[in-house]
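Input: a single structure, listed below in C-alpha cells.
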Amino acid sequence: MTSETITAAVSGTWTLGDLVVNRIGFGTMRLPQQGEAFDVDAVPGDRDRAIRVLRRARELGVNHLDTAAFYFSRLRSANELINSALAPYPDDLVITTKVGPGRDPSGQWQTHATPGQLRGQVEENLRQLGREHLDVVNLRIVGTDSIAERFGALAELREAGLIRHLGVSNVGPAQLAEARAIAPVVCVQNKYGLGSPDQDAFLRTCGEQGIAFVPFYSIAGAGCDAGASPDADGYALLTVARAHGVSTAQVRLAWTLHRGPHVLAIPGTGNPDHLAANVSAGALRLSDDELAVLEALHQGGEAG
Ligand SMILES: NC(=O)c1ccc[n+]([C@@H]2O[C@H](COP(=O)([O-])OP(=O)(O)OC[C@H]3O[C@@H](n4cnc5c(N)ncnc54)[C@H](OP(=O)(O)O)[C@@H]3O)[C@@H](O)[C@H]2O)c1
C-alpha cells in the first residue's frame with residue numbers, strides 16, 4: 001500500500017459529542033503564511049496551494065479540521081481558505097475552532113476575550129466559515145485562573161444553537177473539572193508529543209472521562225510556532241523511522257495515536273506531500289520493542 005492510497009479512515013474513529021471523526025485530522029494554522037505562524041512580517045502562503053491541500057485532505061478522508069479566526073497573515077485567512085476550498089460543506093466534515101485569544105487587523109495579539117466578547121469571536125468564525133453554527137468550539141486560555149465565567153458564556157451560546165459542542169485548550173485538570181460542571185466537554189486540546197511526559201496523567205484522565213485529547217505541536221515539538229526542526233531528531237527516533245521506511249514526523253504522529261483511542265491528531269502542513277505522509281502515519285503500527293524505546297525517550301523528556 002503506498003501512502004497515496006491510505007486514507008484517514010485507517011486511523012480509526014472517535015466521536016466528539018455526536019460527531020464521528022477519523023482520528024487523523026488536519027490543523028490549518030500553517031496555511032496562511034510561509035514560515036513562522038503569527039509572524040506579522042511572514043510572507044503570505046500560496047493561496048492555490050493551500051486550497052489544493054485542503055481539498056486533497058478531504059480526498060484522503062480527513063473529516064476533522066482545526067482552525068481559528070486568529071489564524072491569518074497579511075493576505076490569507078485559514079477560515080476563508082476552508083470556506084473557499086470546501087463549501088458547501090459535506091455532512092461528515094467537522095470543523096473545530098477556538099476562541100479566547102484575539103489579534104487586531106495588523107496581526108498583533110490583543111488581550112484575551114472577556115465573557116462578553118466571546119460571542120463576537122464566535123460570530124466572526126460563523127461569518128468567515130459561512131456557517132449557521134459551529135461544530136466544536138474550544139475555549140483557549142492562558143494561565144491558571146478560573147474559566148467558569150468564560151466557559152459559561154460559551155455554554156449559553158451552545159444553548160442558543162450557535163455551537164454544537166464545547167472543548168477547552170491549554171488547560172489543566174482543575175480547569176477541565178470547572179468546565180465540566182457547567183456543560184459537557186468533548187475535547188481537550190493541549191500541547192503534547194514525544195518528550196513531554198508532564199501531560200501523560202491528564203491525557204489518561206481525559207480518556208477515562210470519554211473526552212478526546214487532541215495534541216498540538218506533536219510534530220513541531222519545541223519548534224512551536226516556528227515549526228518542525230529535523231535537528232531535534234535523535235538516533236533512536238531515526239532508527240525506528242528507518243525500520244519502517246517512514247519519516248520521524250510520521251513516527252511522532254503514530255506514537256501520539258498509540259497513546260490511547262481517544263487521542264486525535266491535527267498535524268499542520270502547507271505541503272501536499274507532508275499531508276499524505278501524515279495521513280498514512282495512521283497506518284503505522286509500532287512494535288512493543290519500539291514503543292519501549294520511544295517511551296524511554298519520552299520519559300527522559302527528550303524530543304526524540
Ligand atoms: N490550541 C492551541 O493553542 C494550538 C496551538 C498551536 C497549534 N494548534 C493547532 O494544532 C495544529 C498542529 O500544530 P502545528 O501545525 O503547529 O504543529 P505540528 O503539526 O506539530 O507541526 C507542523 C510543523 O511540522 C511540519 N510538518 C508537518 N508534517 C510534516 C511531515 N510529514 N514531515 C516533515 N515536516 C512536517 C510543518 O511544516 P510544513 O508546512 O513544511 O509541512 C510544520 O513546520 C495547528 O495547525 C493548529 O490547528 C493549536
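We count ligands from 1, going down the list as the structure has it; atoms in each ligand are counted the same way.
Considering backbone and side-chain N/O of Ile219, one or more are found under 3.5 Å from N/O of ligand 1. For the pair His274 and ligand 1, the shortest N or O to N or O distance falls below 3.5 Å.
The existence of a salt bridge linking Arg76 and Asp46 is excluded, since no basic side-chain nitrogen approaches an acidic carboxylate oxygen closer than 4.0 Å. Classification of Glu80 and Arg127 as a salt-bridged pair fails, no side-chain N sitting under 4.0 Å from a carboxylate O.
Interface of Thr28 with ligand 1, defined as ligand atoms under 4.0 Å from a residue heavy atom, comprises 45 (O), 47 (O). Here is the list of ligand 1 atoms found below 4.0 Å of a heavy atom in Ser218: 20 (O). Taking every non-hydrogen atom of Ala249 and a distance limit under 4.0 Å, the qualifying atoms of ligand 1 come out as 30 (C), 31 (N), 32 (N), 33 (C). Less than 4.0 angstrom separates some heavy atom of Lys98 from each of these atoms of ligand 1: 1 (N), 48 (C). Near Ile266, meaning under 4.0 Å from one of its heavy atoms, ligand 1 places the atoms 9 (C), 10 (O), 11 (C), 12 (C). The Asp66 neighbourhood of ligand 1 comprises atoms 9 (C), 46 (C), 47 (O), with distances under 4.0 Å to a heavy atom of that residue. Of all atoms in ligand 1, listed by their number and element, those nearer than 4.0 Å to a heavy atom of Gly270 are 39 (O).
Looking at Ser146, its side chain does come within 3.5 Å of a backbone N or O of Ala148 through a donor-acceptor pair.
Residue contacts with ligand 1, taken as heavy atom pairs separated by less than 4.0 Å, do not involve Lys191 at all.
If you check each of Gly268, Pro215, Ala220, Ala265 against atom 27 (C) of ligand 1, the one with the closest non-hydrogen atom is Gly268. Relative to atom 8 (N) of ligand 1, the option among Tyr71, Tyr217, Phe26, Tyr192 with the closest non-hydrogen atom is Tyr71. Evaluated by nearest non-hydrogen atom to atom 38 (P) of ligand 1, the leading choice among Thr96, Asn190, Thr248, Thr269 is Thr269.
Few gaps surround CD on Glu59; more than 12 heavy atoms of other groups in view lie less than 6.0 Å from it.
Aromatic pair Trp14/His64: centroids not less than 6.0 angstrom apart.
Side-chain contact annotation: Gln117 with Gln121, donor-acceptor N/O pair under 3.5 Å absent. Neither side chain, Gln110 nor Asp104, offers a donor N or O lying under 3.5 Å from an acceptor on the other.
Note that Arg103 lies outside the cation-pi zone of Phe38, set by a 6.0 Å cut-off to the ring centre and a 45° limit from the axis.
Residue Ile147 is tested with Ile182, Leu154, Ile141 for a side chain to side chain contact (heavy atoms under 4.5 Å, CB included); the sole match is Ile141.
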